[in-house]
Every structure is written in structure tokens, then in C-alpha cells.
4 protein chains.
Amino acid sequence: MAKKTAPDSTRRSEKSRRAIYDAALALVSEVGYQKTTIEGIAARAGVGKQTIYRWWSSKADVLLEAFIDLSAQAAEAAAHPEAIGEQAEYEIPDTGDLEADLKLVLRATVDELLDPKFEAPWRALAAEGMVNQRLGAELVGKLLEPQLQLYVKRLRAAQEQGAVRPDIDPRIALELFVSPLAQRWLQYAGPISYEYALHGLAPR
Amino acid sequence: MAKKTAPDSTRRSEKSRRAIYDAALALVSEVGYQKTTIEGIAARAGVGKQTIYRWWSSKADVLLEAFIDLSAQAAEAAAHPEAIGEQAEYEIPDTGDLEADLKLVLRATVDELLDPKFEAPWRALAAEGMVNQRLGAELVGKLLEPQLQLYVKRLRAAQEQGAVRPDIDPRIALELFVSPLAQRWLQYAGPISYEYALHGLAPR
Amino acid sequence: MAKKTAPDSTRRSEKSRRAIYDAALALVSEVGYQKTTIEGIAARAGVGKQTIYRWWSSKADVLLEAFIDLSAQAAEAAAHPEAIGEQAEYEIPDTGDLEADLKLVLRATVDELLDPKFEAPWRALAAEGMVNQRLGAELVGKLLEPQLQLYVKRLRAAQEQGAVRPDIDPRIALELFVSPLAQRWLQYAGPISYEYALHGLAPR
Amino acid sequence: MAKKTAPDSTRRSEKSRRAIYDAALALVSEVGYQKTTIEGIAARAGVGKQTIYRWWSSKADVLLEAFIDLSAQAAEAAAHPEAIGEQAEYEIPDTGDLEADLKLVLRATVDELLDPKFEAPWRALAAEGMVNQRLGAELVGKLLEPQLQLYVKRLRAAQEQGAVRPDIDPRIALELFVSPLAQRWLQYAGPISYEYALHGLAPR
DNA sequence: TAATAAACGAGACGGTACGTCGAGTCTTAGG
DNA sequence: CCTAAGACTCGACGTACCGTCTCGTTTATTA
């Protein structure tokens, strides 16, 4: 049994897609995720509802893609502020001073979490991902894991330089200072100042 | 100006409340939080919709109370399996061996997270709390913080016994091994075996 | 298998029903049957769509009932202009002069067909009834046949008085002068003046 | 101001037109007029929607043309069963016996009304024509009137032969026996047997 | 015989309405 | 006066078609 004949993506309207991304992100920021509706996104984007249903299967999917797109743009801008449009290949800097390097990146992360443009969709997706395993997996795979791999890479380099004990698994070590930060932020469980973000490193 | 006259809680039907708790928890487990509706809860509980709206202001509130009730019952059962109905006063045991004591409790926590009766509502509430600050605060205040304070108390005792460095803030220390566990579980980000739960302690 | 638990008609809102009748008739007259939508009726009546779907199964059904109601009111008004609200018991007058009596009634019929309040819904229902047998049957049974039976009764009386040949079936005889009139009107097939309406009688 | 440049009918695809006629008639017979859609016709005919919109302005127009085409074919077949494709020039036979001649033709008419291939589109068009004056006029002009003129012609011949009173208008006389038949059929108002069809003639 | 321009199939698009579901409010009857 | 029941208005859902608008791809003259 065929699945209703998949749409032809070569004829897809780029303009509509962009408008949908923008509308989705704006609405989530303005009125919250629950009150953001497919109809609302369509109306705001000046697009027929069917155009959304043709390409995405749920509100969460729309938002996920919109957010990935937003993140990609932000990453590019961060990596090459002068040349927008190229493939970002960001890496955590390696000045030789592990603590300073991590501090720098954690600060950038905190800044992003507190940026109102990111906060609402980020929370919404995180929440949705906790209840919807498929979305959760995509979220982790496409957004979270790539980010964490940067830390793993930097930590591995530090191990080779002898700056970190060789018996430590970098994947687990990084969770020790990333998770508490995420937790606090997600649960409004406390201020997520730069100082707190770095506490995880202090016991070193 | 009439203020809609708040309901008289002394005349409240205990039977209906219990039925609503049970229906809410059952539905969330069976069909998920999103598909659980107020109408569905009312129908399943054999109760009028108005009876729900009279005492709670949202689906999330119903579930939160139902879950608090469930947790209280479970805690009582754990503390005094012989005498159900009394006020629980659980504490983390203090055998003098901090690591062993923490292991014991972390194991119990993992067990609860994996118990299907707890998992669905727990996830649903956590997710909702990330997007709805008021609910998030209640969730933390009524469920999470009391639990964490047990750890704080035990850690402080350990400090007095000289088993933990005195310059460590117990509140922050415990987040180091609780948050990664929570994170993994919430994000389906990996197995949350007993072994993993204890990794946070290993580097000691 | 139950059919979704039928609604409780004792609790039905009379106000809504009236508003729906009025809105349906008004819209059909103003914009035509095709462009009259259930949403439009609901909006105009200040009523939720569900209230329409709860009590009727289609746009045609709504209009049929509305039109029956309108006709009943008109019949009452014609029969007892002084006492609105009573059960109409209209009859074709019997002055002894058959031709004069029929002329009188045919004129009234033509007047109704040309009354803009009646024309649009009447045409719409007639058209719908030709394509939808169930509706057609209801239309004939509830609106047309009662009307025709008045003629049958009067013709039978005329036969007893010796004013009409006894071997004629009144049911068929009346179709001879009613059908051509209906046809012309329905098909815009020619003017339906009083004169034409009476042609059917002339060959007598 | 551009006028959208009318299509060049010399380059029209005959194959597509035939396919559209066939699809339209088949769908109306199978699922009814309301559920017949332009998209459905296009899909069934293996044709782009635009090809329909290019040559017709509405579903009713397509069906009207398709039905005219069907009728023309049927008439040709009836007139010259041996030579399909020529211009039909049917006439009511004149054997000198008016009643017998009319009976013959009325029988043929009843047969056509009961032929399932004709019934559904015929009803649909009749219904549409009652609500849409333009279509109604075309319907009468292109299908109904030519048919009726045959009767007029034959009746006039009968008048010249002295078989019919000279003061009777043939146009009106024929409605006396055609309309009741049409009425009954359109309204499912009774059986339209051959006997009934001829009742109109009996009182002579 | 190639070019070229229209009709063609396909189907994405912005829309409107469908018929359904559930939210939250209000009314009725019963205990 | 709390309760079960459920009708009410409202708004969003996801689907079906509308009529318009590109896209290549035939097809059938015209250069």
C-alpha cells in the first residue's frame, strides 16, 4: 500500500519554507508552544495549511526543522561572521589551556540559552522530546550530539596533552558539567550564571 | 461584583477525587499526556466535567496532584510497609559508609524511574514544567526539592564525619551525580543502568 | 453498535434552532444554495457548528426543516391571520363553483412561487430532492403531498356534486394542471402568469 | 490589458476531450453529482486539471457537454443504427394515427429516462438547472426544446389533418402530457410506467 | 528537418469549507 | 449546593477540492 504518493521535493517552494520557519519561531516566542497552532503558523506565513501538512507531519516537526535551521545560521554566523552562507565547521579552540577554553564555550552556551530568540523554541523542543521519543531522538541526534562531540574532541586532545587523567571517559566527564547546567535551566531550578556553569570544573 | 463564589471544600466528594486521580494516571500511562483529555478523565472517572474544573485549573494541575498523591503513597509504603496511611518520614540511611548509602538510594531512584506506573506521568510533568514556569516551580517545590534535601542532609552529615571535604557545597555536589542521571533518562540519551547512576561517584 | 449516543432533545435550545432556521433561509436567499455553508449558517446564527451537526445531518436537512417551519407559519397566518400559533387546518374553499375555487388557489400558489422569500429555498430543495432520493421523499411527503391532497379532496367533492366526470381519478387530473405549472417554474421554461396557471383548466 | 489569450481550439486534443466526457459521465453515475469533482474527473481521465479548466468553466458545463454528446450519439444510433457518425435528423413518425405515434415516442422517452446510463446525469443536470439559471437555459435550449419541437411539429400536422381541434396551441397541449411524466420522474413521485405516460392522452 | 510555441500531464500553491474533537461555560435534575 | 450529565460557543484539527500557477514533455505546425 502506497503512502499517498510522496510530494515532489524538487518543486518545493523555498519562499514558503522560509516563511513557515520564521512564523513558527516567532509564534512560539510570542505566545508559547501550546498556543502556537498549525493554522496560526500558516496564516502568519501567508501559506495554505496543506503546504505545511505536505512537508511536515506535526507542529513539533516544523519547529524542530525551523530551529535546526536557525541554529545552523547562528553557527555559521559565529564561525565566519564575514561570509554568511558557507558550511560551518566550528570547533572548540585549543589554546592549550583546557579550563579557559571550556569556560569560553560554556559562556557562549549560556548566552544562547538566555537569548530570547532561542529560549522558547529550545524549551518547547526539549519538553516535547521528553514525551515523544522519536522527536527526542532527532533532537539529540541533530542538535545535541554534534555539539557534545565538540567537547569530546577537545577533551580527548587534552588527554593526549596529559592535561586530563587518561582513565576518564570524555563522554561521561562532559556530562558532569553540562548536565547540571541543562537541568537548572530546564527546570528554572536556579540561576544559570557563568559562575554556576563553571562550577562543574572547579573540583578539578 | 460576583466572584463566582469559591467552592466549599468541606463538602467535596472524596470518592470523586480519588476516581479522578486514578483515571488521570491511568490515561496518561495508557495513551500519553497529549491524548489525555479532561473529558476523557471525567468519563473514565464517572464524573462530570464541572467537578474537575471546580477543583483544578488545568489538566497539568490534575496530573500534578494525582502524582503527588501517588508518590506519597509509594513513600509511605516504602517507609512503613506494615502501616499504610501514616505520614511518611523517610530518610537516607546513615550506616557511616557514604558511598554505600548513596548507591542504595540511587538504585531506588532508578527503579522508580523505570517503573511504568511512574514513568509516563513523571515525564509528562517534567516536560510540562519546562514550558510552564508555574507548574515547573510547583513540581520542583513539592516533589523534587524534598527529595534532594534528603541528599543534602546526608552529605552534610558526611562532612561532619570528615568523609567529604568541608569546602564543598552539598547542594552543588549532589547535582553532579543526580543531574546526569536525570538528563539521560529524560532525553532517552542512553541507558540508565545502576552502573551509570554511580559513575558520578566514581571520580572521588 | 450504538450510534454515538443520540442527543437529549428535551434539553435542546429553542433559541438556537430558530436562529439556525432564520440564518439558513436568509443565506439561501442572499447568496444561493451552493454558496450557503454550514459554517456560514452557524456564524450568522451565532451558534457553534457542532450545534448544527448535533441535530441535523446535512445542509439540505437544515434547509428542509427551516422551510417546513416557514411554510407552517405561512399556512397558519393564511388560515387564521388573527390567531398566530394555532394548528392550521387549511382547506380549499367550496363555493360550489369548482373553476373559480381552483383559480383562487392556483393564484395563491403562483404568488408563493414568486415570493422571493420562498423562491430560493424552494428551488434549492426541489433540486436537491431530485438527486437525493431520501430528501426528495421527505420533501414530497411533508410539503407537497399534503398540499395536493387538498386538491384531491376538493375534486372528489366536485365529483359528488356532478361537476366532474365520475370516471376521472382526481389524483391524476390534478397533475394535469399542477405539473405544467411546476415544470415551467422550475425550468425557467416560460412565464408563469396567472393565465398560464389556468390553461390546464381550459380544455374542460 | 492582457485577456489571458483564449486557447487555440484547432490544437485541442480530441483524445482528452473524449476521456473527460467518459470520466464525467461514469463518475456521476457511480458516485453521484455532488461527489464528482473536477480533480476526480481529471484523475480518471488521465488528464491535467488545467486541461479541464482551459475548455470548461465549471463541473456542470463539463457534464452538460458530455451529456449532449451522449445524447447525440444515442440519437444517431436510433436514427441510423447502421451508420454511426452522421448527423441525426430524427422526426416523430407520421402514420396518420396521432395517438399511436405519440405512444411510440413516449415509450422511447420513458425507456431513456429509466436507462441507468442516462438517469444520473440527466437528474443532475435537471437539478443544477433549477438553481443555476444560465445552465438551465442551456439545458432547455440544447436538449429539451429540440425534443419538444418534434412534438409540436407532429401536433401541427395533426391539426392540419383535422385530427386535433384547431384552437389548441400545440406547445401548451404537449406540456399537458409531458410535464406530469417529467414531474413524476424527477420527484420519484410515483411509478412512470408506460401506462402512466399515456394517461395524458386518454381524456381526449 | 529543425525550431518553436501551444496544449498537455502533473502537481504544488493559497485558500475555503468540511466534519470532528476537545476546551471551558452554563443549565438541568437528583440527592 | 455539590454532583453527573450533557448542550452550548468557540477554535483548532487534519482532509478534500477549489481554481491558479508553474514545471517539464509531447505534438504539430511553421521557418
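Proteins come first, then strands; the chains are lettered A, B, ... in the order of their sequence lines, and each starts at number 1. Quick note: numbers below take in every heavy atom, side chains included, and nothing from hydrogens, waters or symmetry partners.
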Practice item. Find which nucleotide of DNA chain E each of C:E39 and A:E14 is nearest to by heavy atoms, and output the residue with the more 5' nucleotide. Key: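 Mapping each residue to its closest nucleotide by heavy atoms, the 5'-most match is A:E14.
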
**Study point:** Nearest-nucleotide comparison on DNA chain E, the residue closer to the 5′ end among B:S57 and D:S9
**Key:**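 In this pair, the answer is D:S9.
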
In whole angstrom, give the distance that lies between atom [atom1] of [X] and atom [atom2] of [N].
| X | N | atom1 | atom2 | result |
| --- | --- | --- | --- | --- |
| C:I52 | E:dC18 | CD1 | P | 9 Å |
| A:R12 | E:dG14 | CZ | C1' | 16 Å |
| A:R44 | E:dG14 | CZ | P | 17 Å |
| B:I41 | E:dG22 | CD1 | P | 12 Å |
| C:D8 | F:dA4 | CG | C1' | 13 Å |
| A:Q34 | E:dG24 | CD | P | 11 Å |
| C:I20 | F:dA7 | CD1 | C1' | 12 Å |

Exercise for review: Could you check whether B:R54 gets within reach of a base, just the sugar-phosphate, or nothing at all, counting any heavy atom under 4.0 Å?
Suggested key: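 Answer is base: heavy atoms of B:R54 come under 4.0 Å of a base.
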
Exercise for review: Assign A:G46 to base, sugar-phosphate, or nothing according to its heavy-atom contacts below 4.0 angstrom with the strands shown.
Suggested key: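 Since only primed, P, OP1 and OP2 atoms lie under 4.0 Å of A:G46, the category is sugar-phosphate.
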
Exercise for review: Please figure out whether C:W55 or B:A42 has its closest DNA chain F nucleotide nearer the 5' end.
Suggested key: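 The residue whose closest nucleotide sits nearer the 5' end is B:A42.
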
Check your understanding: More 5' along DNA chain F: A:K35 or C:V47, using each one's nearest nucleotide?
Key ->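 Of the two residues, C:V47 wins.
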
Give a yes or no answer on whether the side chain of [X] reaches the backbone of [Y] with a donor-acceptor pair at less than 3.5 Å.
| X | Y | answer |
| --- | --- | --- |
| C:R123 | D:M130 | yes |
| B:K59 | B:Y33 | yes |
| B:K49 | B:A42 | no |

**Study point:** D:S16 vs E:dG9: side-chain N/O to OP1/OP2 distance below 4.0 Å
**Key:**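 Affirmative; the distance criterion is met.
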
So if I take every side-chain heavy atom of [X] and compare against [options], which nucleotide ends up nearest?
| X | options | value |
| --- | --- | --- |
| A:I38 | E:dA23, F:dG14, E:dA17 | F:dG14 |
| B:T37 | E:dG22, F:dT3, F:dC18 | E:dG22 |
| D:Y53 | F:dT20, E:dC13, F:dC8 | F:dT20 |
| B:T51 | E:dC18, F:dT3, F:dG14 | F:dT3 |

So which atom in [X] and which in [Y] form the shortest heavy-atom distance, rounded to 0.1 Å?
| X | Y | result |
| --- | --- | --- |
| D:L70 | D:K117 | CD2-O, 4.2 Å |
| D:P121 | D:S29 | CD-OG, 4.0 Å |
| C:L139 | C:L125 | CD2-O, 3.4 Å |

Between the base of [N] and the side chain of [X], is there any donor-acceptor pair under 3.5 Å?
| X | N | answer |
| --- | --- | --- |
| A:K49 | E:dG14 | no |
| C:Q50 | E:dC21 | yes |
| D:R11 | F:dT29 | no |

